[in-house]
Structure formats: C-alpha cells, structure tokens
2 protein chains.
Amino acid sequence: MKESKEYLGHFEEIVLLAVLQLGAEAYGAKIRQKVSEATERDVSIGAIYATLDRLERKGYMGSWQGEATRERGGRAKRYFKVKGAGMQALNDTNARRSKLTAGLDLGFGAA
Amino acid sequence: MKESKEYLGHFEEIVLLAVLQLGAEAYGAKIRQKVSEATERDVSIGAIYATLDRLERKGYMGSWQGEATRERGGRAKRYFKVKGAGMQALNDTNARRSKLTAGLDLGFGAA
DNA sequence: TTTCGATGTTCTAGAATGTAGAACATATCG
DNA sequence: CGATATGTTCTACATTCTAGAACATCGAAA
C-alpha cells in the first residue's frame with residue numbers, strides 16, 4: 001500500500017473551515033452555529049466537539065481555555081485555531097478533488 | 001431537527017466524480033484506477049465496490065451488466081452511471097463547502 | 001449562601017462510512 | 001481440461017459522523 005498524504009473526512013473539512021472563518025471567535029457554540037448556517041442543518045453540539053477533538057488529536061488544530069469569567073456567567077470557553085498542518089490537509093483535500101472535477105461540466109467549475 | 005438536503009461522504013464524492021469522468025468506461029477496475037490516480041493512494045477494490053453499492057442504494061447511481069464477452073477473457077463488467085439525484089447531491093455538497101470557503105485566503109480560491 | 005438561569009464542555013452510544021483483501025465467477029486459449 | 005486474465009462479491013473491522021444527556025461553572029436573584 002502506497003500511503004502518502006492525509007486527507008480530511010467530510011465533516012472534518014466543514015468544521016476546519018468554520019474555525020478558520022471565525023478567527024478569534026472560534027469556540028464550540030459559535031462553531032456549531034456557523035456550521036449549522038452553512039450546511040442548513042441542525043448539527044448537534046456533540047458532533048462538533050467530537051470532530052474538534054479528533055482534529056486536534058491529529059495535530060490539525062490547537063485549543064486553549066479562554067478567560068474563565070468576563071462579562072456574564074457561564075463556563076469558560078475553549079478556543080480553537082487551525083494549525084499549519086490543518087491548512088496543509090485542507091489544501092491536499094482540495095487538490096485531490098480538483099483533479100476529479102477538472103474538465104467536468106458541473107456548474108460550479110473545476111479550477 | 002431540521003433536515004433538508006442529502007450530502008455526500010468524503011469517499012462517496014470522490015467515487016461519484018470518478019464515475020462522471022470516466023463516462024462510458026465507468027466500471028469497477030477503471031474506477032479504482034481513476035480514484036487511485038487522483039488521490040495518489042492505493043485504494044482497494046473492495047472500498048470501491050462498497051461505496052459504489054451504497055451510492056446506488058441511495059439512488060445516486062445506476063448500474064448494469066456489460067456485454068458478457070467481447071475481445072478477450074474475463075468476467076462481464078458492471079457499468080455505472082451517475083443519476084440526476086447524484087448530480088444534485090454533488091452540487092449540494094459543493095454548495096455548502098463554498099459557503100465556508102467564501103472570503104477565505106486558501107490559495108485555491110473560494111468561488 | 002443557596003438556588004436558579006445562562007453558557008459551555010464532556011461523555012456515552014450507536015449508525016453510517018471508509019477500507020482491505022480473500023473468495024468467487026467467468027471467459028479465452030493452449 | 002487447466003492455466004491465466006479480468007472482474008465482482010463477501011466478510012470484517014476501523015474510523016467518522018451524529019445525537020443528546022450529563023456535567024461544570026459563573027453571575028445574580030432571593
């Protein structure tokens with residue numbers, strides 16, 4: 001078996017992109033909201049964290065605790081940020097998809 | 001839970017695209033080759049058929065037996081073709097990804 | 001200082017997808 | 001017929017996807 005690059009699962013890719021979009025505001029609840037918006041689906045919070053953890057375990061993402069308290073009540077947030085390896089995986093994943101969409105008449109272009 | 005469109009898994013999308021690319025020459029072995037090429041990975045034939053079957057069960061794809069014999073030996077081929085629902089799923093899948101890549105500086109563009 | 005409401009994260013479980021490779025089927029040719 | 005080439009099915013298991021309940025923690029009301 002010739003192994004090479006690491007690719008992302010479907011939902012992993014979505015979550016990674018959402019984190020990227022949110023920038024400094026990327027934490028569980030917000031990420032969930034972003035993903036639900038984009039996918040037009042009601043995604044469970046468990047689904048989000050499970051994926052986030054997996055992504056972190058793979059080294060695609062980093063996380064840290066936010067300031068315990070601040071304005072109003074509630075538990076401390078856990079912020080996430082995409083690492084270089086994550087960007088790489090995103091690119092690799094896109095690259096292989098591009099090879100397959102190239103030349104196809106799909107309405108959403110190939111390049 | 002607000003359910004709406006059906007989306008494709010990671011490998012499902014890849015296989016669907018490969019079938020599309022192959023057109024009239026879309027059958028197991030060829031599909032496997034195409035996928036391996038694009039992904040730069042050694043994909044097993046079992047992986048291909050399992051996905052092909054699932055895709056067909058979902059109505060994204062159709063299949064039929066090719067001419068039993070022809071030039072030289074071997075078992076009859078089973079050809080595949082993407083159906084309208086498959087094209088739709090491909091578009092939906094792409095649409096939700098686009099929403100997340102829009103505005104991001106990823107090297108491979110958003111639109 | 002106890003309780004309540006708001007905000008967030010962990011944990012538990014099960015379904016669906018992804019993946020490999022052996023087993024099996026069938027046709028041609030010597 | 002047996003060897004060989006070509007292709008598909010079957011069996012198994014790992015990983016990913018997904019939901020929702022349980023748990024944690026903080027501010028403010030009482």
Side-chain angles (χ1 to χ4, degrees), chain A residues 1-4 6-16 18 22 25-33 35-36 39 41-58 60 63-80 89 93 96, chain B residues 1-4 6-16 18 22 25-36 39 41-58 60-61 63-80 89 93 96:
Chain A
M1 287 288 115
K2 171 185 63 174
E3 281 305 294
S4 49
E6 293 297 313
Y7 298 108
L8 298 166
H10 182 66
F11 199 59
E12 292 181 327
E13 184 178 9
I14 296 290
V15 170
L16 217 33
L22 289 168
E25 274 309 293
Y27 65 92
K30 270 278 175 56
I31 296 171
R32 176 195 194 178
Q33 187 188 309
V35 170
S36 288
T39 62
R41 268 192 174 184
D42 220 336
V43 181
S44 83
I45 190 64
I48 296 290
Y49 279 106
T51 304
L52 244 16
D53 286 340
R54 209 182 309 126
L55 249 16
E56 179 166 38
R57 198 178 329 121
K58 291 183 185 173
Y60 293 160
S63 78
W64 65 94
Q65 290 299 132
E67 335 78 70
T69 173
R70 193 169 44 177
E71 359 183 62
R72 40 195 317 167
R75 184 173 176 172
K77 292 168 183 166
R78 182 177 160 208
Y79 289 101
F80 293 85
T93 298
R96 79 159 155 179
Chain B
M1 285 289 115
K2 172 185 61 175
E3 281 306 294
S4 49
E6 293 298 312
Y7 298 109
L8 298 166
H10 181 65
F11 201 59
E12 291 181 327
E13 184 178 9
I14 296 289
V15 170
L16 216 34
L22 290 168
E25 273 310 294
Y27 65 91
K30 269 279 173 57
I31 295 172
R32 176 195 194 180
Q33 187 187 309
K34 191 82 177 174
V35 170
S36 289
T39 62
R41 268 192 174 183
D42 219 336
V43 180
S44 83
I45 190 66
I48 296 290
Y49 279 107
T51 304
L52 244 15
D53 286 341
R54 272 175 211 142
L55 249 17
E56 180 166 39
R57 198 176 331 122
K58 292 183 187 173
Y60 293 161
M61 183 109 86
S63 78
W64 65 94
Q65 290 299 134
E67 338 76 69
T69 172
R70 196 169 41 179
E71 3 182 58
R72 41 194 315 169
R75 186 173 176 171
K77 292 170 184 166
R78 182 176 159 207
Y79 289 100
F80 294 85
T93 298
R96 78 159 156 181

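All values derive from a computational prediction rather than experimental measurement. In the text below, chain A, chain B and the rest are named by the order of the sequence lines, each starting its count at 1.
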Counting side-chain heavy atoms from CB outward, which of D:dT18, C:dG18, D:dG7 is closest to A:S44?
D:dT18

How long is the line joining CD of A:Q33 and P of C:dG8, in whole Å?
10 Å

Taking the basic N atoms (NZ, or NE/NH1/NH2) and the acidic carboxylate oxygens, is any pair closer than 4.0 Å for B:R54 and B:E12?
no

Over how many whole Å does the gap from A:Y7 atom OH to C:dT17 atom P extend?
22 Å

A:Q65 CD to C:dT7 P, in whole Å, measures 18 Å

Would you kindly give the OH-to-P distance between A:Y60 and D:dT16, to the nearest whole Å?
9 Å

Quick one: are A:L22 and A:F80 in side-chain contact, heavy atoms under 4.5 Å?
no

Residue A:Y27, side-chain atoms from C-beta onward, closest of D:dT9, C:dG8, C:dA20
C:dG8

Taking the side chain from A:R32 and the backbone from A:V43, do they hold a donor-acceptor pair closer than 3.5 Å?
yes

Can you find a side chain N or O atom of A:K58 that sits less than 4.0 Å from OP1 or OP2 on D:dT16?
yes

State which of D:dT18, D:dT9, C:dT10 makes the closest approach to the side chain of A:R75.
C:dT10

As an exercise, state the distance from CD of B:Q33 to CD1 of B:I48, rounded to the nearest 0.5 Å.
11.0 Å

Can you pull every protein N or O that's under 3.5 Å from an N or O on nucleotides 1-3 of chain C?
none

When all nucleic acid strands are considered with a 4.0 Å heavy-atom cut-off, which category describes A:G46: base, sugar-phosphate, or nothing?
base

Separation between OH (B:Y60) and CG (B:L8), nearest 0.5 Å, reads 6.0 Å

Where the side chain of A:F11 is defined as all heavy atoms beyond and including C-beta, which of D:dG20, D:dC17, C:dT19 is the nearest nucleotide?
D:dC17

Quick check on C:dT10: is either OP1 or OP2 less than 4.0 Å from any side-chain nitrogen or oxygen of A:R78?
yes

Tell me whether the side-chain N/O atoms of A:R41 come closer than 4.0 Å to OP1 or OP2 in D:dT18.
yes

Return yes if a side-chain donor-acceptor contact under 3.5 Å exists between B:T93 and B:E13, otherwise no.
no

Comparing A:H10 and A:G28 on DNA chain C - which has the more 5′ nearest nucleotide
A:G28

Interatomic distance, B:E12 CD vs C:dA16 P [rounded to whole Å]
12 Å

Quick one: on DNA chain D, does B:A29 or A:A50 contact a more 5' nucleotide (nearest heavy atom)?
B:A29

Separation of D:dT18 atom P from A:I48 atom CD1, nearest Å, is 10 Å

Is any side-chain heavy atom of B:Y79 closer than 4.5 Å to a side-chain heavy atom of B:I31?
no

On the nucleotide D:dC17, are OP1 or OP2 found under 4.0 Å from the side-chain N or O atoms that A:R54 carries?
yes

Round to the nearest Å and state the distance from A:R57 atom CZ to D:dC17 atom P.
12 Å

Is B:L16 close to B:M61 at the side-chain level, that is, under 4.5 Å between some pair of heavy atoms?
yes

Check the distance between D:dT18's C1' and A:I31's CD1 and give it to me in whole angstrom.
17 Å

